[in-house]
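What follows is a short report on a single structure.
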Amino acid sequence: MASGEDFKKWVHSKRAPSLVKMSFVAIAALSILSWTIIIIEGDTGFTDLFDSKTWGNASRFIANMAGIHDSTTPSFLILDRWLATGVLAYETLLMSILAIFISGFIALATMLPAAKNVSSGELGGIKSTTGTIAYYIVRLVYAFSRAVPELIWALLIVFFLSPGVLAGALALAFHNFGIIGRLTAEVVENIDPAPARALRTAGASNVQIFFYGVLPQTLPQFLTYSLYRWEVVIRTTVIIGFVSAGGLGREFILRLNWFHYTDVTLLILWYLILVLCVDMISFWLRKLSKFS
């Protein structure tokens, strides 16, 4: 005769496929509805895709970007322009590193109160009202931090801080702090509690439990999440530059407004180089963390 535990497993196995099917049907229905609205509504711009004028404008824009109709030498073929914009590329890279460092540091400092198994005492501690309140407060801060886009954070910061690398880094850090913090807290909630409980039983302090029972299990995944977010941050710096927060983004919007198309092409090439470099560094660091 099957036990109660076997019955629960059977129910769970039957429920999981049904939830997957329902989710797939819901996503498909929403996609169909969205495309229906796009096609039916007249002001969505969908019909412009079939207008020859649209493709004519696109071809002229691409030709201007390539410098085909420009009587002067394109900027991306001038060494001095590469050197001048290289300084901005360096500022952009610096901004991204500073942003991910700040967000990662705050996430590490707040991941324990944001973990449910810490506030409930399941990780070798004692359940307390203070821990429960701290859990909800930190989780609310995480939600608020990632709910506000980077551009909004930058608009607010430049009101009291001079535009530049620091303002852009803080805007990126405030947004990514909520994302990295949430992910890291969930990692803590899924770690093996045995090491932390054993340390607690042996009389270890909270600091010792953190460094020897929690951090070794959390750090590899934390580094992985931080490096993935670094790749996203380096791309997002172009949006931060729109509000004069420094780096390539600021120069990008200026050159685009002044119709300096070949300069825009040069800046895009710099972004491509930065993204490829960050991707390779992140891949190497993630691979290194797996073997350490």
By side chain to side chain contact (heavy atoms under 4.5 Å, CB included) - contacts of A204 (at least two apart): L199, Q208, I209
ILVMFWY network linking I273 to I97, side-chain heavy atoms under 4.5 angstrom: yes
Salt bridge (Lys or Arg N to Asp or Glu O under 4.0 Å) contacts touching residues 95-107 (sequence neighbours left out): none
Fellow cluster residues of Y136, listed by chain then number, with links counted only when side-chain atoms sit under 4.5 Å apart: Y135
Test item: D263 and F252 side chains (from C-beta on) under 4.5 Å apart, heavy atoms: no
Any residue meeting side chain to side chain donor-acceptor pair (under 3.5 Å) with T184, in chain and number order, not counting sequence neighbours: none
Contact check, side chains of Q217 and P195, non-hydrogen atoms, under 4.5 Å: yes
pair S31-I27: side-chain heavy atoms closer than 4.5 Å: yes
I100 and I180, any side-chain heavy atoms less than 4.5 Å apart: yes
Partner residues of A66 under the side chain to side chain contact (heavy atoms under 4.5 Å, CB included) criterion, sequence neighbours left out: I68
Any side-chain heavy-atom pair of L166 and I157 under 4.5 Å: no
By salt bridge (charged side-chain N to carboxylate O under 4.0 Å, His left out) - contacts of D279 (at least two apart): R235
For residues 169-177, dump all side-chain donor-acceptor pairs below 3.5 Å to protein atoms at least two apart in sequence or in another chain.
residue	atom	partner	partner atom	Å
H175	ND1	R146	O	3.4
H175	ND1	V148	O	2.9
N176	OD1	R229	NE	2.7
N176	OD1	R229	NH2	2.8
N176	ND2	L172	O	2.7

is_close_aromatic(F61, Y261), centroid dist under 6.0 Å: yes
Sequence neighbours excluded - ring-ring contact (aromatic ring centres under 6.0 Å, His included) pairs with any residue from residues 190-238: none
Close side-chain approach of L267 to T85, heavy-atom, < 4.5 Å: yes
Non-hydrogen side-chain atoms of T262 and I78 separated by less than 4.5 Å: no
Side chain to side chain contact (heavy atoms under 4.5 Å, CB included) against N190, all qualifying residues, sequence neighbours excluded: none
Same cluster (ILVMFWY, side-chain, under 4.5 Å), M280 and V233: no
Contact summary for A185 and R139, nearest pair of heavy atoms: CB-NH2, 3.9 Å
By ring-ring contact (aromatic ring centres under 6.0 Å, His included) - contacts of W82 (at least two apart): W270
Test side chain to side chain contact (heavy atoms under 4.5 Å, CB included) applied to F105 - qualifying residues, sequence neighbours left out: none
Basic-acidic side-chain contact under 4.0 Å: R182, E189: no
Side-chain heavy-atom pair T110, Y142 within 4.5 angstrom cut-off: yes
By salt bridge (charged side-chain N to carboxylate O under 4.0 Å, His left out) - contacts of E251 (at least two apart): R255
